[in-house]
Amino acid sequence: MLDALRSRLFCQGFRTGKFPPAAPSLPDGFRGRPILSGGACPATCARCMETCPTGAIVMTEGKRPSLDTGKCLFCGKCAQICPEKAVSFSATEYRLGGFTREELIAVPEESYLPAIQKDEAIRKIAGRSLKIRQISAGGCAACELDFNVLNTLAWDMGRFGIQAVASPRHADAVLITGPVTHNMQLALQKCYDAMPHPCWVIACGSCAVSGGLYADAPTTARLPEGMHVDLFVPGCPPHPATLLEALLRFMGRTPEAQA
Amino acid sequence: MNLFSVIKNQTSIRRADLPRLSVEEFRQAVLDKVQSGSTRVMDFFAEGRTLYAVLGDANAHAFLLTSCEINQEYPSLTADAPAFHWFERELWEQNHIRPVGHPFLKPIRFSEGVPGVTNYFTPAGDNLHEVAVGPIHAGVIEPGHFRFQCLGETVLNLEIELGYQHRGIAAMLAGGPDRKTEFLIETAAGDTSAAAMTAYSMIAEALGMAPLPTAGALRLRRVAMELERIANHVGDLGALAGDVAFLPTASFCGRIRGEYLNMTASLCGNRFGRNLIRPGDRSGAVLDAKQAQKLIDWIARIKPELDNALTLLFDAPSALDRLENTGVVSTETARLLGGVGVAGRASALVLDARNDFPFATYRKIPRIEVGSGDVMARALVRRSELEESHKLLLEDLRAVENMTENVPDAPLKSPQPDSIAIGCVEAWRGELFHAALTDGQGKFSTYRIVDPSFHNWYLLSMALRGEEISNFPICNKSFNLSYCGHDL
Ligand code: SF4
């Protein structure tokens with residue numbers, strides 16, 4: 001007991017990050033929100049589209065690339081390969097979560113502001129407490145590992161009233177990772193059915209948002225009928241800061257939402 | 001006549017040069033080797049109606065390959081060499097080949113049908129009861145279904161049904177390589193990306209898809225793999241502490257694990273080392289002298305904190321009492337079932353792919369003198385591997401002068417046709433085995449991934465026999481096996 005106290009006082013110290021409200025510390029080489037140049041690409045070039053493992057890039061009218069962050073693995077290959085430097089990734093914009101699938105599609109934009117939670121009911125019910133039942137449904141485990149990290153003292157999501165719970169009966173939201181395999185679909189459905197309503201669905205990671213790498217796999221079943229997603233969090237896996245920010249914004253706990 | 005082709009790690013062989021034995025010869029040759037204890041089963045699979053066996057000979061630092069043609073069935077090997085039991089179940093499920101005489105033939109990942117809905121091993125008698133848990137578990141963890149057959153508090157048997165995470169990766173890899181291949185490999189088990197990409201890179205190099213890596217690229221692989229090992233071992237020891245309610249170490253390690261993930265991220269932008277390792281000299285990392293120095297300083301800051309957190313745990317008799325003599329797997333059981341990696345070494349098996357099938361820049365990794373096969377041994381193996389990994393890591397970082405410079409993707413050549421290539425690494429859980437078979441057009445006709453968990457899941461079952469059901473969480477944590485790496 002004394003040893004534990006001594007450790008805490010003299011060696012380990014207080015280590016909970018200052019994020020938020022301070023900016024999170026992101027790694028060198030972090031790839032966040034894609035930045036697309038507004039100009040048209042050469043008529044014959046399609047190198048980014050040919051390289052992208054998940055088909056996240058499409059050419060819109062006038063041959064301008066748009067990038068679906070819901071499919072993106074953030075590997076950065078497109079940015080590397082593009083001779084025109086039409087695609088790059090922000091090293092600081094980690095706020096990637098969106099409430100609709102459309103918000104996730106990056107197009108050439110002047111500036112980017114993530115959506116604000118406008119739904120009064122969500123802010124009222126979930127604003128101070130969000131209990132989450134996480135379900136792994138065919139992912140690679142990295143998404144759930146970095147959700148779990150929010151539980152460590154470095155991120156301490158409990159400060160904001162966010163908690164992972166065991167029973168779906170105690171949950172306000174189900175956080176899905178993975179593309180939802182056929183073999184997990186029934187379990188996911190049963191879990192969702194056991195949750196008291198209103199409750200929300202969070203798709204965490206490109207697998208859960210769009211199927212990701214596994215979108216076309218015959219083993220992929222996607223979401224059971226009747227479940228629609230309320231919060232999409234892109235990334236493979238999403239950085240803990242991206243996920244935490246998205247959860248807080250969903251709850252309406254950002255200064256903009258409270259203003 | 002040669003019964004086996006002998007090949008080294010990271011090399012390939014023409015299919016035509018592989019021995020084709022009769023079923024009887026094949027069976028006898030493979031059993032002789034495995035039963036003599038001189039080799040272990042690395043892989044056992046079929047393509048079409050050809051059976052392939054790959055055995056690992058640690059003394060010769062080589063793999064023994066052989067094959068035979070069969071029809072719909074062949075006499076099972078499991079009764080004579082139990083290490084084949086899971087492979088034969090896979091074979092039956094994936095290839096519809098029947099190993100006649102297999103003692104308990106059933107699917108392992110339910111690629112057809114519904115997982116969990118199957119016959120279970122059920123003892124009969126009064127006062128027995130059954131506890132079913134999962135696929136969804138209490139914590140934030142992957143899905144699997146566990147059936148405990150109990151007499152009072154005592155577990156007579158635990159049966160583990162997996163397959164919920166089955167994504168069909170093997171089927172998606174066949175026909176490649178294509179633009180998805182490297183990403184599929186990296187996400188086969190998302191906590192083992194660096195090791196998996198190293199294995200794949202070795203195969204790509206063996207098949208002439210990429211030039212052999214430079215010393216710098218090799219060193220980067222070792223850096224990435226050892227960072228991966230450290231992060232996971234730290235996380236596991238913290239989780240074990242948490243499971244016996246020793247919270248200081250649990251919370252300190254949770255944070256410290258993140259530091260090592262962030263070190264990986266500082267190289268490539270991703271905490272799990274995605275895009276970090278690529279075949280040949282390609283790489284998604286910048287590791288120059290400045291970056292290396294930054295990591296060296298970072299480790300110098302964190303390592304004392306890690307030591308402090310672990311000393312707390314390993315100096316607390318009340319915590320250790322829960323780990324000692326819990327979930328014992330005897331050496332004999334581990335050997336017969338083909339246990340590998342951390343769990344294998346904890347049961348006194350002498351194996352480590354870094355020594356047995358040298359790759360990257362690994363030289364002799366010292367043997368760990370723990371062998372009691374209990375949760376404590378699995379914890380101690382991790383603790384001593386942490387020391388070794390830090391040594392290797394610092395050695396590499398200090399040697400960095402000007403290593404790799406974010407080399408953009410040079411297109412890979414198409415693989416050498418009609419060949420078989422092997423890449424085997426010691427991932428943090430244990431040996432991770434990859435093999436690629438190419439067709440006449442230079443496409444992968446089969447790409448095999450054998451995760452260490454594939455060998456070890458049944459050891460967890462054995463660890464639970466005779467235990468209290470309440471010891472399941474720490475037993476499970478002490479193995480910390482991959483569900484997705486198994487289910488693929
Ligand atoms: S999105 Fe990426 S990290 Fe998350 S489960 Fe899928 S493959 Fe893994």
Side-chain angles (χ1 to χ4, degrees), chain A residues 3-4 7-8 11-12 15 25 27-31 50-54 73-77 80-81 133-149 151-154 164 166-168 178-179 181-184 186-188 191 213-214 217-220 236-237 239-240, chain B residues 109-111 114-115 135-143 163-168 171-172 179-180 182-184 186-191 193 235 248 251-252 254-255 257-258 261-262 265-272 274-275 284 286 291 304-305 308-309 312 315-316 408-409 482-484 487:
Chain A
D3 285 343
S7 286
R8 167 64 180 77
C11 178
Q12 307 286 346
R15 293 303 179 93
S25 79
D28 302 346
F30 176 75
R31 284 177 291 275
E50 287 157 9
T51 307
C52 180
T54 55
L73 306 181
F74 296 83
C75 66
K77 276 193 163 196
Q80 252 180 16
I81 211 162
R133 173 63 248 195
Q134 186 273 342
I135 308 276
S136 308
C140 74
C143 274
E144 44 268 44
L145 285 168
D146 257 0
F147 169 59
N148 239 346
V149 152
N151 245 334
T152 62
L153 57 85
S167 169
T181 53
H182 278 292
N183 286 0
M184 256 318 269
L186 178 63
L188 176 59
C191 169
L213 267 179
Y214 302 95
T219 47
T220 296
C236 184
H239 190 275
Chain B
R109 47 178 82 110
F110 297 92
S111 42
V114 187
I136 299 175
H137 300 278
V140 176
I141 186 176
E142 296 180 79
Y164 296 91
Q165 298 277 68
H166 179 52
R167 290 162 289 172
M172 290 171 82
R179 60 185 169 173
K180 278 192 178 178
E182 293 173 351
F183 299 93
L184 292 171
E186 271 182 338
T187 58
D191 49 18
S193 297
S251 40
F252 300 152
R255 194 264 309 174
R257 167 178 171 272
L261 294 178
N262 287 341
S266 77
L267 293 173
C268 65
N270 183 296
R271 287 156 52 90
F272 294 88
R274 302 284 160 80
N275 312 301
V286 186
Q291 187 76 19
E305 295 169 4
N308 172 271
L312 269 186
D315 277 359
D409 284 6
S482 175
Y483 299 69
C484 55
D487 292 350

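Excluded from the calculations below are hydrogen atoms, water molecules and symmetry mates; all remaining heavy atoms, backbone and side chain alike, are included. Residue numbering restarts at 1 for every chain, and letters A, B, ... go by the order of the sequence lines.
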A.B. asks: Measure Asp191(B) against the heavy atoms of chain A and call it side chain, backbone, both or neither at under 4.5 Å.
C.D. replies: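 Contact with chain A is through both the backbone and side chain of Asp191(B).
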A.B. asks: Return the set of residues passing ring-ring contact (aromatic ring centres under 6.0 Å, His included) with Phe252(B) (not counting sequence neighbours), or none when no residue passes.
C.D. replies: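 Applying ring-ring contact (aromatic ring centres under 6.0 Å, His included) to Phe252(B) gives none.
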A.B. asks: Where on Gln291(B) is there a heavy atom nearer than 4.5 Å to chain A: the side chain, the backbone, both, or neither?
C.D. replies: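 Looking at Gln291(B), just its side chain touches chain A.
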A.B. asks: For Ile136(B) and Arg133(A), what are the C-alpha separation, side-chain angles and deciding distance, and is it a side-chain contact (heavy atoms from CB on, under 4.5 Å)?
C.D. replies: CA-CA 10 Å; Ile136(B) 299 175; Arg133(A) 173 63 248 195; 3.4 Å; yes
A.B. asks: Rounded to the nearest 0.5 Å, what separates atom CD in Glu182(B) from atom NZ in Lys77(A)?
C.D. replies: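 Result: 5.0 Å between the selected atoms.
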A.B. asks: If every non-hydrogen atom of Arg109(B) is compared with every non-hydrogen atom of Asn183(A), which pair is closest and at what distance?
C.D. replies: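 It is O-ND2, 3.3 Å.
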A.B. asks: By a 4.5 Å heavy-atom criterion (distance strictly below it), what part of Asn270(B) contacts chain A: side chain, backbone, both, or neither?
C.D. replies: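 Only the side chain of Asn270(B) comes within 4.5 Å of chain A.
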A.B. asks: Check whether His239(A) gets within reach of chain B through its side chain, its backbone, both or neither, counting any heavy atom under 4.5 Å.
C.D. replies: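 His239(A) touches chain B through side-chain heavy atoms alone.
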A.B. asks: If you tally heavy-atom pairs under 4.5 Å against chain A, which of Pro143(B), Cys268(B), Ala309(B), Gly168(B) wins?
C.D. replies: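 Of Pro143(B), Cys268(B), Ala309(B), Gly168(B), Pro143(B) has the most heavy-atom pairs under 4.5 Å with chain A.
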A.B. asks: Do you know which of Asn308(B), Leu312(B), Asn262(B) has the most heavy-atom pairs with chain A at a distance under 4.5 angstrom?
C.D. replies: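 Ranked by contacts with chain A, first place is Asn308(B).
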A.B. asks: Check Arg274(B) against Pro237(A) and note the closest heavy-atom contact, atom names and distance.
C.D. replies: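 Closest heavy-atom pair between Arg274(B) and Pro237(A): NH1-CD, 4.0 Å.
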A.B. asks: At a 4.5 Å cut-off on heavy atoms, which part of Arg271(B) comes close to chain A: side chain, backbone, both, or neither?
C.D. replies: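 Contact with chain A involves the side chain of Arg271(B) alone.
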A.B. asks: Given side-chain contact (heavy atoms from CB on, under 4.5 Å), test Val140(B) with Gln134(A) step by step and report yes or no.
C.D. replies: CA-CA 6 Å; Val140(B) 176; Gln134(A) 186 273 342; 3.5 Å; yes
A.B. asks: Under a 4.5 Å heavy-atom cut-off, does chain B meet the side chain of Thr220(A), its backbone, both or neither?
C.D. replies: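 Nothing of Thr220(A), per the 4.5 Å heavy-atom cut-off to chain B.
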A.B. asks: Could you pull out all residues at least two apart from Phe272(B) that satisfy ring-ring contact (aromatic ring centres under 6.0 Å, His included)?
C.D. replies: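 Result, ring-ring contact (aromatic ring centres under 6.0 Å, His included) vs Phe272(B): none returned.
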A.B. asks: Contact part of Ala189(B) toward chain A, heavy-atom cut-off under 4.5 Å: side chain, backbone, both or neither?
C.D. replies: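 Just its backbone gets close to chain A.
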A.B. asks: Counting heavy-atom pairs under 4.5 Å to chain B, which of Arg15(A), Arg8(A), His182(A) comes out on top?
C.D. replies: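 With the most close heavy-atom pairs to chain B, the winner is Arg15(A).
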A.B. asks: Any idea which of Gly258(B), Ser251(B), Ala171(B) has the most non-hydrogen atom pairs under 4.5 angstrom with chain A?
C.D. replies: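 Result: the option with the highest number of such pairs is Ser251(B).
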A.B. asks: Under the side-chain contact (heavy atoms from CB on, under 4.5 Å) rule, what do Cys140(A) and Arg167(B) come out as? Steps first, then yes or no, please.
C.D. replies: CA-CA 10 Å; Cys140(A) 74; Arg167(B) 290 162 289 172; 3.9 Å; yes
A.B. asks: Under 4.5 Å heavy-atom distance to chain A, tell me which part of Val114(B) shows up: side chain, backbone, both or neither.
C.D. replies: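 For Val114(B), no heavy atom lies under 4.5 Å from chain A.
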A.B. asks: Between chain A and each of Pro248(B), Ala316(B), Pro115(B), count heavy-atom pairs under 4.5 Å; write down the option with the most.
C.D. replies: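 Heavy-atom pair counts peak at Pro115(B).
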A.B. asks: Check Tyr214(A) against Leu184(B) and note the closest heavy-atom contact, atom names and distance.
C.D. replies: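 For Tyr214(A) and Leu184(B), the tightest heavy-atom pair comes out as CE2-CD2, 3.5 Å.
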A.B. asks: Between Leu73(A), Asp28(A), Leu186(A), Leu188(A), which shows the greatest number of heavy-atom pairs under 4.5 Å with chain B?
C.D. replies: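 Answer, by heavy-atom pair count under 4.5 Å with chain B: Asp28(A).
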A.B. asks: Taking all non-hydrogen atoms of both residues into account, name the closest pair between Gly269(B) and Pro27(A) and its distance.
C.D. replies: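 For Gly269(B) and Pro27(A), the tightest heavy-atom pair comes out as O-CG, 4.1 Å.
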A.B. asks: Quiz question: by atom type and distance under 3.5 Å, do the side chains of Ser136(A) and Tyr483(B) form a donor-acceptor pair?
C.D. replies: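 No pair is found: no donor N or O on one side chain lies under 3.5 Å from an acceptor on the other.
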A.B. asks: For the CD atom of Glu142(B) and the CG atom of Leu145(A), what is their distance to the nearest 0.5 Å?
C.D. replies: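 Between atom CD of Glu142(B) and atom CG of Leu145(A) there are 8.0 Å.
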A.B. asks: Taking all non-hydrogen atoms of both residues, which atom of Gly190(B) and which atom of Ala142(A) are closest, and how far apart?
C.D. replies: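 Taking Gly190(B) first and Ala142(A) second, the nearest heavy atoms are O-CB, 4.0 Å.
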A.B. asks: Check Thr152(A) against Arg255(B) and note the closest heavy-atom contact, atom names and distance.
C.D. replies: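 Heavy-atom minimum between the residues: CB-N, 4.4 Å.
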A.B. asks: Measuring from atom CZ of Arg179(B) to atom CG of Leu213(A), what distance do you get when rounded to the nearest 0.5 angstrom?
C.D. replies: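 Interatomic distance, Arg179(B) CZ to Leu213(A) CG, rounded to 0.5 Å: 11.0 Å.
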A.B. asks: For Cys52(A), is it the side chain, the backbone, both, or neither that has a heavy atom closer than 4.5 Å to a heavy atom of chain B?
C.D. replies: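 For Cys52(A), the contact with chain B is made by the backbone alone.
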A.B. asks: Name the region of Pro218(A), side chain, backbone, both or neither, that has any atom closer than 4.5 Å to a heavy atom of chain B.
C.D. replies: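 Interface part for Pro218(A): neither.
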A.B. asks: Would you mind telling me which of Pro168(A), Pro240(A), Ala164(A), Gly178(A) has the largest number of heavy-atom pairs within less than 4.5 Å of chain B?
C.D. replies: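 Heavy-atom pair counts peak at Pro240(A).
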A.B. asks: Could you state the interatomic distance from CG (Asp487(B)) to CE (Met184(A)), rounded to the nearest 0.5 Å?
C.D. replies: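 It comes to 11.0 Å.
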A.B. asks: Side chain, backbone, both or neither: which part of Ile141(B) has an atom under 4.5 Å from a heavy atom of chain A?
C.D. replies: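 Just the backbone, heavy atoms under 4.5 Å.
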